[in-house]
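Let me begin by presenting the structure, written as structure tokens, before commenting on it.
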Amino acid sequence: MCAHVLVAEDDEMQAELIRRSLLSEGHTATVVHDGSAALDAARRLRPDLVVLDLMLPVIDGFGVCRVLRRDDDIPVLMLTARSAEDDVLLGLELGADDYMTKPYSPRELMARIRTVLRRSGRAAGRREDPVVRAAGIAVDPERHEVRCDGAAVECTPAEFEILLAMVAEPERVFSRRQLLECTRGTDRASTERAVDVHIMNLRRKVEADPRSPARLLTVFGVGYKLRGGRG
């Protein structure tokens, strides 16, 4: 059972621990650190499961869960230090599929994730072709592979996450902050300017002329976008 899991956790060390545990189980993972980014990633990636911390900045976990339940049926596993009975009951009433309190055992967390996925049937019912394609680029989130015009492209984990986000939504303009959120958990970059370096390196790999890019375009004053339709 291979699933794509969105981890919304503001503690970077905790998020990295969860991400590595998921990878060791054969899953793929996207990590974000605030509630707004969690909702953005959920809409963009449509994950099989959201592991959701309650104490998130911008929008707390309760707010995120409320919106997810209004807009979608993505399973939610709440993971939080808030263990008061009222918090647990509110989380379950909002539609959380499970609720774990910190500190927790990573093994138990993985077991709970397996149970929620099995119960929801999301992983088993994933689309036959998980590959996302646009502008001649194909990104396979399950095999962690990238091809450009049919040729294999080697990407760092951070480059892969950025490219996956952009290929999934061609023509969408991403801010540096949004793209930086995609890389959290895959590298230690702490500034938005690190995204410029990742884009520069990706252009060397997917552009015929990196100095005059036709795919990964700069939107001045905003960020970057991938030019080209799906397919």
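As the structure is a prediction and not an experimental result, all values here were calculated from the model.
- You'll find the side chain of Asn201 reaches within 4.5 Å of the side chain of Arg204, heavy atoms only.
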* To do: Report the C-alpha separation of Lys205 and Val146 in whole Å, then their side-chain angles, then the decisive distance to 0.1 Å, and conclude whether the side chain to side chain contact (heavy atoms under 4.5 Å, CB included) test is met.
  => CA-CA 10 Å; Lys205 298 174 181 182; Val146 175; over 6 Å; no

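- Geometrically, Arg66 does not engage Phe62 in a cation-pi contact, judged by NZ or CZ lying under 6.0 Å from the ring centre and within 45° of the ring axis.
- Linking Ile, Leu, Val, Met, Phe, Trp and Tyr residues whenever their side-chain heavy atoms come within less than 4.5 Å places Val153 and Leu163 in a single cluster.
- Residue Asp98 holds its CG atom at 12.5 Å from CG of Leu52, rounded to the nearest 0.5 Å.
- Side-chain contact between Ile18 and Leu79 is present, with heavy atoms from C-beta onward closer than 4.5 Å.
- Classification of Asp149 and Arg215 as a salt-bridged pair holds, one side-chain N sitting under 4.0 Å from a carboxylate O.
- In this structure, Asp48 contributes its side chain and His4 its backbone to a donor-acceptor pair below 3.5 Å.
- Residues Ala38 and Leu6 share a closest heavy-atom pair of O-CD2, 3.5 Å.
- Atoms CD and CG, on Glu171 and Leu226 in that order, are 7.5 Å from each other to the nearest 0.5 Å.
- When all heavy atoms are compared, the tightest approach of Ala214 to Leu217 is C-CD2, 3.9 Å.
- The pair Asp97-Arg112 does not meet the salt-bridge criterion, since no charged nitrogen lies less than 4.0 angstrom from a carboxylate oxygen.
- Side-chain contact between Ile137 and Cys148 is present, with at least one heavy-atom pair separated by less than 4.5 Å.
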* side chain to side chain contact (heavy atoms under 4.5 Å, CB included) between Asp34 and Ile59, intermediate numbers included -> CA-CA 7 Å; Asp34 68 67; Ile59 304 173; over 6 Å; no

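- Put simply, CD on Gln14 and NE2 on His33 are 12.0 Å apart, with the number rounded to the nearest 0.5 Å.
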* side chain to side chain contact (heavy atoms under 4.5 Å, CB included) between Ile113 and Met110: does it pass, once the steps are laid out? -> CA-CA 5 Å; Ile113 286 174; Met110 292 303 109; 3.8 Å; yes

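- Considering Asp53, Val51, Leu17 as possible partners of Glu9, the one that fulfils the side-chain contact (heavy atoms from CB on, under 4.5 Å) test is Asp53.
- Minimum heavy-atom separation, Leu202 to Cys155: CD2-SG, 4.0 Å.
- To the nearest 0.5 Å, the span separating NE2 on His27 from CG on Leu49 amounts to 8.5 Å.
- Annotation for His144 and Pro157: closest pair CE1-CA, 4.4 Å, computed over non-hydrogen atoms.
- Between the CG atom in Leu216 and the NE2 atom in His198 there is a gap of 13.5 Å [rounded to 0.5 Å].
- Contact check for Val219 versus Phe174: no side-chain heavy atoms found under the 4.5 Å cut-off.
- Met55 places none of its side-chain heavy atoms less than 4.5 Å from the side chain of Asp11.
- Here the shortest heavy-atom pairing between Gly228 and Ala135 reads CA-CB, 4.2 Å.
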* How far apart are the C-alpha atoms of Arg176 and Ile199, what are their side-chain angles, what is the distance that settles it, and do they pass the side chain to side chain contact (heavy atoms under 4.5 Å, CB included) test? -> CA-CA 10 Å; Arg176 289 180 176 85; Ile199 293 292; over 6 Å; no

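- Residues Glu145 and Phe160 fail the side-chain proximity criterion, which asks for heavy atoms closer than 4.5 Å.
- Taking 4.0 Å as the cut-off between side-chain N and carboxylate O, Arg172 and Asp40 count as a salt-bridged pair.
- Looking at every heavy atom in both residues, Val167 comes nearest to Pro170 through O-CD, 3.2 Å.
- Separating the OG1 atom in Thr28 from the CG atom in Leu22 is a distance of 8.5 Å, to the nearest 0.5 Å.
- Here the side chains of Ile162 and Tyr224 are not in contact, with every heavy-atom distance at 4.5 Å or above.
- The closest side-chain heavy-atom distance from Arg19 to Val7 is not below 4.5 Å.
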